[in-house]
J.: 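Below: one structure in structure tokens.
Counting convention: from 1, in listed order, for ligands and their atoms alike.
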Amino acid sequence: MKNKIVLTGGCGFIGSHTCVELQEAGFDVVIFDNLSNSEITVLDGIEKITGIRPAFYQIDCTDKGAVYQAFQKEGPIAGVVHFAASKAVGESVQKPLLYYRNNLASLMNMLEAAQDFHLKGFVFSSSCTVYGEPDKSPVDESAPIKPATSPYGNTKQIAEEIIKDYVHTGIDFNAIILRYFNPIGAHPTAEIGELPRGVPQNLLPYVCQAAMGIRKELSVFGNDYNTPDGSCIRDYIDVTDLAKAHVCALSRMVDGKSKDQIEYYNLGTGKGVSVLELVNTFMEATGVKVPYSIKGRREGDIEKIWGNPSHANEVLGWKAQVPLKETLANAWRWQMRLREKGVM
Ligand code: UFG
């Protein structure tokens with residue numbers, strides 16, 4: 001029998017790509033999503049790629065009754081990947097209570113359900129944001145956790161603490177915390193990708209929209225940082241590569257191979273890329289010009305951070321593989337698909 005996995009936020013950017021990879025690896029996927037920042041049509045894209053439509057519940061994970069009802073209906077579940085969360089850094093500063101409620105109440109409901117329904121494993125979507133501005137890069141998992149610079153970042157730190165405390169009570173499931181660096185790209189089939197609502201806040205969706213002419217020009221936030229070209233440096237990880245890491249993490253837990261009851265993994269490429277490098281590589285990969293101009297720094301930005309993924313490479317047997325150019329070409333193909341469909 002296939003292992004059944006619940007993906008909360010499974011219609012989102014990382015969730016939908018993870019759904020595809022899990023289905024292709026033989027897992028049976030059930031999605032919980034309140035569609036607050038995603039579209040139901042994502043299920044069509046997933047089905048086109050894998051031939052399987054995942055079971056879907058339009059529920060909000062802050063609603064414990066709805067979560068428990070869905071668990072009861074689905075029968076034995078092997079594990080959860082908890083993606084569902086609000087994720088806009090700027091919005092979190094304006095609406096901190098919304099962020100604390102959405103991100104923490106949903107986590108607690110899912111943890112309680114994981115115990116009450118006897119799951120083997122719980123995977124949590126965390127972020128390199130927990131490291132703040134690191135003292136040095138690449139950052140490994142033992143780097144200090146720095147004070148969060150936004151309520152959003154704080155929810156990720158608090159969530160990690162909640163999971164740690166809960167696991168230490170002696171409950172009988174394993175947790176894996178995945179700290180993502182900067183996920184970008186789209187599925188190579190262009191059937192699923194990122195769907196930003198309104199003006200994109202993240203770099204690559206903005207680059208794609210500027211290249212498409214939807215936005216006049218990209219603002220590069222700062223060229224006076226202490227980096228080789230003055231723009232900020234990040235570790236951009238292909239979303240399909242990232243999705244595959246979840247298959248490795250779940251397989252490890254479901255097969256009873258976890259060594260520690262709670263494990264932490266950085267998911268990145270190990271390579272830092274500046275904003276200007278990313279823009280230039282996009283133009284090389286697609287042959288399309290990106291209009292941009294240099295603007296002032298964005299408040300709260302980290303100057304440079306990239307990850308050391310050795311732990312995930314060695315223990316999970318996972319490695320980022322897709323070259324940056326290919327990732328950028330996939331994102332552009334997805335942007336063109338959105339245009340064809342009249343979405344944007
Ligand atoms: N940038 C621009 N112009 C834009 C958008 C972004 O120059 O229009 C720059 C930013 O200043 C930054 C880099 O591109 O230097 C990357 O910015 P993103 O907003 O794409 O990503 P961040 O690294 O700021 O944040 C991302 C996620 C957060 C998460 C954080 C760390 O959006 O949710 O990584 O994990 F918390």
J.: Given the side-chain rings of Y206 and Y292, with only the six-membered ring counted for Trp, is the space between their centroids under 6.0 Å?
T.: no
J.: Among all protein heavy atoms, pick the one closest to atom 17 (O) of ligand 1 and tell me residue, atom and distance.
T.: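 Ranked first by proximity to atom 17 (O) of ligand 1 is R298 NH2, 3.4 Å.
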J.: Would you tell me which option among Y206, Y131, Y152 has the nearest heavy-atom contact to atom 36 (F) of ligand 1?
T.: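 The residue whose heavy atom sits nearest atom 36 (F) of ligand 1 is Y152.
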J.: List the closest protein heavy-atom neighbour of atom 22 (P) of ligand 1: residue, atom name, distance to the nearest 0.1 Å.
T.: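 Of every protein heavy atom, N182 ND2, 3.6 Å lies nearest to atom 22 (P) of ligand 1.
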J.: Do Y68 and N109 meet the criterion of a side-chain donor-acceptor pair at a distance under 3.5 Å?
T.: no
J.: For the CZ atom on R101, are there more than 12 heavy atoms of other groups (residues, nucleotides or ligands in this structure) within a distance under 6.0 Å?
T.: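 Counting other residues, nucleotides and ligands, CZ of R101 stays at 12 neighbours or fewer.
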J.: Under 30°, 30 to 60°, or over 60°: which ring-plane class applies to F181 and Y131, parallel, tilted or perpendicular?
T.: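 It falls in the parallel class, under 30°.
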J.: When you check the gap from the basic side-chain N to the acidic O, do D44 and R53 get nearer than 4.0 Å?
T.: yes
J.: Does CD belonging to E299 count more than 12 external heavy atoms closer than 6.0 Å?
T.: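 Atom CD in E299 is not packed in, count stays at 12 or less.
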J.: Taking the minimum heavy-atom distance to atom 3 (N) of ligand 1, which of G222, C128, S219 ranks first?
T.: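 Nearest heavy atom to atom 3 (N) of ligand 1 lies in S219.
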J.: Under 4.0 Å from any heavy atom of K87, which atoms of ligand 1 are there?
T.: 33 (O)
J.: How about CD on Q115, more than 12 heavy atoms from neighbouring residues, nucleotides or ligands closer than 6.0 Å, or not?
T.: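 For Q115, atom CD is crowded (more than 12 foreign heavy atoms under 6.0 Å).
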J.: Report the nearest protein non-hydrogen atom to atom 5 (C) of ligand 1: residue, atom name, distance rounded to 0.1 Å.
T.: Q201 O, 3.5 Å
J.: With heavy-atom distances below 4.0 Å as the criterion, list the atoms of ligand 1 near V220.
T.: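 Listed by number with element, the hits are 7 (O).
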J.: Could K244 and E24 be called an ion pair, given the rule that one side-chain N must be under 4.0 Å from one carboxylate O?
T.: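 Salt bridge absent between K244 and E24.
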J.: Whether K257 and E263 form a salt bridge (side-chain N of Lys/Arg under 4.0 Å from carboxylate O of Asp/Glu) is what I want to check.
T.: no
J.: How about NZ on K146, more than 12 heavy atoms from neighbouring residues, nucleotides or ligands closer than 6.0 Å, or not?
T.: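 Yes - once you tally the heavy atoms of other residues, nucleotides and ligands closer than 6.0 Å, there are more than 12.
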J.: Determine whether the side chain, the backbone, both or neither of R234 has a heavy atom under 4.0 Å from any heavy atom of ligand 1.
T.: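 The side chain, only.
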J.: What's the shortest distance from atom 1 (N) of ligand 1 to any protein heavy atom, and which residue and atom give it?
T.: F221 CD1, 3.7 Å
J.: Within a distance under 4.0 Å of any heavy atom of T129, pick out the atoms of ligand 1 and give their elements.
T.: 31 (C), 35 (O), 36 (F)
J.: Indicate whether the side chain of T8 and that of H82 have a donor and an acceptor atom separated by less than 3.5 Å.
T.: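 A donor-acceptor contact under 3.5 Å links the two side chains.
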J.: Side chain or backbone of I302 under 4.0 Å from ligand 1, or both, or neither, by non-hydrogen atoms?
T.: neither
J.: Looking only at distance, does S127 have an N or O less than 3.5 Å from an N or O of ligand 1?
T.: yes
J.: Which atoms from ligand 1 have a heavy atom of Y236 less than 4.0 Å away?
T.: 13 (C), 16 (C)
J.: Considering only the protein, which heavy-atom contact is closest to atom 9 (C) of ligand 1, and what is its distance?
T.: V275 CG2, 3.8 Å
J.: Counting only heavy atoms from other residues, nucleotides and ligands, does the tally under 6.0 Å from NZ of K4 exceed 12?
T.: yes
J.: Which residue supplies the protein heavy atom nearest to atom 15 (O) of ligand 1, what is that atom called, and how far is it?
T.: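 Looking at atom 15 (O) of ligand 1, the protein heavy atom closest to it is C232 CB, 3.0 Å.
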J.: Is D301 touching ligand 1 with its side chain, its backbone, both, or neither, if touching means heavy atoms under 4.0 Å apart?
T.: side chain
J.: Can you pull out the closest protein heavy atom to atom 32 (O) of ligand 1? Residue, atom name and distance to 0.1 Å, please.
T.: N202 ND2, 2.6 Å
J.: Check ligand 1 against L218 and write out every atom of the ligand that is under 4.0 Å from a heavy-atom position of the residue.
T.: 3 (N), 4 (C), 8 (O)
J.: Could you tell me the residue and atom name of the protein heavy atom closest to atom 20 (O) of ligand 1, and the distance to it rounded to 0.1 Å?
T.: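 Here the nearest protein heavy atom works out to L203 N, 2.8 Å.
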